[in-house]
Amino acid sequence: MTLWSETPSRIEFLRLVNWWAGECQRLGVEVHTSAEADAALLTRLAPDLVVVATGSRPVEAPVPQEGNEVSQIGPYDPIPTGGHVLVRDEMGRLAALLTAEQASLGAVRVTLVTSLLYPGEGDGLTTVYPLIRDVAARGVTMIDRAKVTAIDGRRVLLKGLFGEARPPVEDVDAVVAVVGAVSVADLAIEARRAGLTVVTIGDAHLPRDVTSAVSHAARLLDGLANSPSDALGVSIAGASAMSIP
């Protein structure tokens, strides 16, 4: 959320993050930063419950490339400034639009290529349409129903989703791929093997948008306050895909 709060349309996220930080301080929550947890540390602490929120990592799926003029990077990598950035979207929802918005803050030119019927497909229209307008006002070119197939020098080749012709995008300096994410589940698996009671929340449970991830955590905590056994049962059952083999 701190990352997305750097984009103009989501700056209010920072207010929420700061409020949460203040609440943790008010409630006496111990916060340890710049420290990595592992199963051995968790076992020594002997908690009644371990809530794992280790997030997800972007899928790396580079397209075939001739030459090295264009860098292929992920959405959390530093976006080059001063050139032409192409955002490659095969996920829909808001991530690619927000990535394009972020890129527009420093790039001279930004192009968003999405395989969806329109940018942001899958999210609510009342959220998507204003963001499309904002991104367009920032000069971002949007190409829908197309996939990036290859890179030739500084030319990015496209293919229409329904077989229609798509001209290449010229003079590109970087391609930012928004093509999926996988949960970071190692700590949850290790902690379960150590015999600890573990639940996963957010992207560690299932990669999704920020709002859904936060709502998942809120539902778990509300359930723990009102009916701990039911909340743990639902959460652990919901995390069965990450259980120990």
Side-chain angles (χ1 to χ4, degrees), residues 1-11 13 55-65 67-124 127-161 164 166-182 203 207-211:
M1 291 187 70
T2 302
L3 175 65
W4 288 132
S5 70
E6 296 175 2
T7 61
S9 67
R10 294 297 181 270
I11 195 169
F13 280 7
S56 62
R57 64 170 60 93
V59 171
E60 295 183 11
V63 297
Q65 179 171 356
N68 57 6
E69 295 92 339
V70 176
S71 57
Q72 299 191 59
I73 60 177
Y76 301 147
D77 295 324
I79 298 177
T81 59
H84 181 187
V85 174
L86 184 146
V87 178
R88 170 191 166 207
D89 174 34
E90 296 182 12
M91 288 294 295
R93 305 187 73 89
L94 298 183
L97 279 168
L98 292 171
T99 301
E101 182 185 26
Q102 179 69 16
S104 73
L105 300 179
V108 173
R109 179 182 171 195
V110 178
T111 301
L112 168 60
V113 177
T114 179
S115 62
L116 283 296
L117 294 177
Y118 58 87
E121 181 183 355
D123 221 296
T127 301
V128 170
Y129 281 11
L131 185 55
I132 291 176
R133 284 197 301 268
D134 290 346
V135 169
R138 292 182 172 278
V140 175
T141 300
M142 288 173 271
I143 303 171
D144 51 32
R145 294 174 290 114
K147 283 189 174 185
V148 173
T149 59
I151 300 172
D152 183 6
R154 294 184 63 203
R155 170 182 291 182
V156 176
L157 307 181
L158 308 180
K159 177 182 178 181
L161 191 63
E164 67 271 43
R166 285 285 190 267
V169 181
E170 305 284 354
D171 302 322
V172 175
D173 296 295
V175 173
V176 184
V178 184
V179 295
V182 292
D203 274 20
R208 69 194 91 179
D209 62 273
V210 170
T211 302

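- Residue pairs meeting the side-chain hydrogen bond (donor to acceptor under 3.5 Å, both in side chains) criterion with at least one partner in residues 85-96, sequence neighbours excluded, are Arg88-Glu90, Asp89-Thr114, Arg93-Asp209.
- Going from atom CG of Leu161 over to atom CG of Leu117 covers 7.5 Å, rounded to the nearest 0.5 Å.
- Screening residues 134-150 for side-chain hydrogen bond (donor to acceptor under 3.5 Å, both in side chains) gives Arg145-Glu164 as the qualifying pairs, with residues at least two apart or on separate chains.
- The structure places OG of Ser115 at 8.5 Å from CD of Glu121, a figure rounded to the nearest 0.5 Å.
- The closest donor-acceptor contact from the side chain of Gln72 to the backbone of Ala177 lies at 3.5 Å or more, if one exists at all.
- Between Val87 and Ala96 the shortest heavy-atom distance is CG1-O, 3.9 Å.
- Considering every non-hydrogen atom in both Pro168 and Leu157, the closest pair reads CB-CD2, 3.9 Å.
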Please tabulate, for the side chains in residues 55-64, all donor-acceptor contacts under 3.5 angstrom to protein atoms that are two or more places apart in sequence or on a different chain.
residue	atom	partner	partner atom	Å
Ser56	OG	Asp203	OD2	2.8

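- Of all the heavy atoms in Pro78 and Ile73, the pair that sits closest is O-CD1, 3.6 Å.
- Closest approach of Gln65 and Val70 over heavy atoms only: NE2-O, 2.7 Å.
- Taking Glu69 as the reference, nothing meets the side-chain hydrogen bond (donor to acceptor under 3.5 Å, both in side chains) condition, with sequence neighbours excluded.
- When the side-chain contact (heavy atoms from CB on, under 4.5 Å) test is applied to Leu158, the partners found at least two apart in sequence or on another chain are Val113, Ile143, Val148, Val156, Arg166, Val169.
- With sequence neighbours left out, the salt bridge (charged side-chain N to carboxylate O under 4.0 Å, His left out) criterion links Arg154 to Asp173.
- In this structure, Ser104 has no side-chain hydrogen bond (donor to acceptor under 3.5 Å, both in side chains) partners at least two apart in sequence or on a different chain.
- Closest of all the heavy-atom pairs between Val178 and Met91 is O-CG, 3.5 Å.
- Closest approach of Ile132 and Pro119 over heavy atoms only: CD1-O, 3.4 Å.
- Val175 places a side-chain heavy atom less than 4.5 Å from the side chain of Ile151.
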